[in-house]
Amino acid sequence: MSPLWVLAVPFITAPLVYLARRASRLAGPISAAISLGLALSALILPWATRAELMGWTFVFDTPRQAVYIVLQLGMAGLFLYGWRISQGWSFFPFALMASALLGIALTSQRLLLSILALELAGLLLVFLIQSGARERTRGALSFLVPWFLAGPPLVYIARTLDQAALPPETAPARFIAAGLAVGFGLWLGTVPFQGFPLSALEDSPPMVSALLLGPYRIIIAALLVLALAQHPWLAADPRIAFLLQGAGGLSILVGGVLALLQSSPAVLLAYAALADLGVVLLAVGTGRVDIALYQLALHLGAVVLLTMSWGALRYYGALNGHHGVAAVANRTPWAKWGYLLGGLALAGVPLSGGFISRWALARSLAGTSPLWGALLVGAAAAVGLSYLRQLNGGGEAVVDPPAERWVPGLVLALMVLNVGLGLVPVPLLDLARTWAQGLGFSG
Amino acid sequence: MRVLIDLLAGLLQNAIAPGLLLVIGLLILRGGWRLSLLALAAQYAASGLLLSWTVSLSVAALKWLVGAMVLFILYPAGRRLLWGAAYPLGEPATESRLGLNTAFRAASVALLVVVAFGLLYRFPLGNLDPAILFSSYWLLCAGLVVIFLARDPWMTGVGLLIYQTGFELLFTPVEQDLIVAGALAALHILVALALAYLITSKVAGARMGEEG
């Protein structure tokens, strides 16, 4: 069986799920089963191969396989959650289509097709952010405009990169390096584009926020790493390293400082995720691609745990007429602890998986300046404190949360996963090192 | 068919770029749903004709097909929801979010023309016809200005479609692959669908707010 089927299945099944979109009891399990099936197929199919379609090559090597499996497992979790707590009628079919496009973006050998697939996936997200009849369209529009405007320059740059091996010290090479940095920076929402996803996150249902901060960001960051792997002159260019380190360092700093000032869970999530993403960029800029890949996997786990717990607290809080996350926290201890653990994992405090990557990075950068270590520790402390503070105060719950097993089960499973990755990080670190070496990076 | 298209393109050769300039310039000045749809129709027709000079007819015809689909999606949204009798949100896009007047918009259009000519002079890319290059630069710049001046989903979406068409006038001659052409077409259609969805959602939300 051709591995192209793995990419085609979500496209084929999304229309069927669309027909069943108003029956979440049907659409949710079907979507989750498809994603789990795809993750399993990716595991057992003969990968480490290439497939051709209309002259375009799709690469199924070990690093892409690993990212694809993580992506589909994450999607399955989002679908299972959406099955029990509604994320809008359009969530299942559109998220399924988005996962198909993200899969194409990940496996396409040419960056041009990857960028086009990502741009299309971003447009699908507009429907999910709006998610129903609401007079306010600011969130969806504020996401749509920058996402779409960044597309054409990135498409042009990707085609130029695909077509020719450019000598590094020429004007086109400098243009490509700068364009890639700006385009990917915008799509990732790093400093100075950190305001881009804020309105979207405030207006989105929690699982759409998870989709944007989790799978989308992971695929964009993975594409950045793959582009560096495919074009060694880009990876060797000191300007690229400087830009990545600069964007990473500033994202950690801005994310940490602004997280301290936030009371809105959505905005806090945005800045906490920004600081965590900064660690990924800093790792790539420092040449520690293994740490970057490890951190990306942790990022997805922490974001999904955090958004699921936040969504549950918000949902049960709304039943009680409250809007803060603290309102029903004592009646739903699993959600409270999930929220706290997710926040601390995203912060990268000691005993979390994120601490390992920060520690390794601080050691790698110690020779450059001790300030890097202080920055990493300071941002982790700021984000961690912000999450601890979030659960203080709030109203008193009157209505008990509905009897529910799936959502607490999902949150508990993710808590175990996040704690496990923090306590036993070596297997994932070894895997990340293997993936990085598979891409041609030493570290 | 090719002969007919060539004949039409030859007849309009000197009129396409000025026509685009006029229609999009008017859109920036006046706004409004009818002018928006007219401007979109003009840009898709013009881009197809311009591209027919340099690429295969099937690729150029795809622009017309996409344009027809975009208009087909947007027309009901514009007519029935945005400016129809049932629309509760008033007439948008006749003035900018900054309350800027027609004189500012006219100055913007004049400046844009200068910028488009400046880009044509500074970046005469490859062997592309100056009419294609000017139209492309003009649409790119005008699209950005329409987005900047927009205060509602409708004009924002129209600006995005103009900007994307401007880019494709430059990009299609260098990349004519079928999958890429299909993906670019899908971008237009998805933007139009997203736009129609946002307007529908906004109007339905406003009605629910009024009733509730």
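In what follows, chains carry the letters A, B, and so on, assigned in the order in which the sequence lines appear, proteins first and then strands, with residues in each chain numbered from 1.
- Chosen from Leu141(A), Leu144(A), Leu53(A), the residue pairing most often with chain B at heavy-atom distances under 4.5 Å is Leu141(A).
- The aromatic rings of Tyr197(B) and Phe127(A) sit tilted, their planes meeting at an angle between 30° and 60°.
- When heavy atoms are compared at a cutoff of 4.5 Å, Leu178(B) approaches chain A solely by way of its side chain, counted from C-beta outward.
- Annotation: maximal heavy-atom pairing with chain A below 4.5 Å, among Val174(B), Leu144(B), Leu140(B), Leu187(B), occurs at Leu187(B).
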Please lay out, stage by stage, how Val180(B) and Trp56(A) fare under the test side-chain contact (heavy atoms from CB on, under 4.5 Å). CA-CA 10 Å; Val180(B) 174; Trp56(A) 293 78; 3.5 Å; yes
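- No other option in Asp177(B), Thr156(B), Leu184(B) has as many heavy-atom pairs under 4.5 Å with chain A as Asp177(B).
- Both the backbone and the side chain of Leu193(B) come within contact range of chain A, each with at least one heavy atom under 4.5 Å from a heavy atom of that chain.
- The main-chain N or O of Phe171(B) is never found under 3.5 Å from a side-chain atom of Arg159(A) such that the two would form a donor-acceptor pair.
- Of all the heavy atoms in Leu198(B) and Ala140(A), the pair that sits closest is CD2-CB, 3.7 Å.
- Across all their heavy atoms, Leu149(A) and Tyr163(B) have their closest contact at O-OH, 2.8 Å.
- Of the residues considered (Leu190(B), Leu170(B), Leu195(B)), Leu190(B) shows the highest number of contacts with chain A, using heavy-atom pairs under 4.5 Å.
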Start with the C-alpha gap between Val191(B) and Val126(A), add the side-chain angles, then the distance that decides, and say whether side-chain contact (heavy atoms from CB on, under 4.5 Å) holds. CA-CA 9 Å; Val191(B) 168; Val126(A) 172; over 6 Å; no
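- Of all non-hydrogen atoms in Leu120(A) and Ala183(B), the two that sit nearest each other are CD2-O, 4.1 Å.
- Within a 6.0 Å radius of OH in Tyr156(A), other residues, nucleotides and ligands contribute 12 heavy atoms or fewer.
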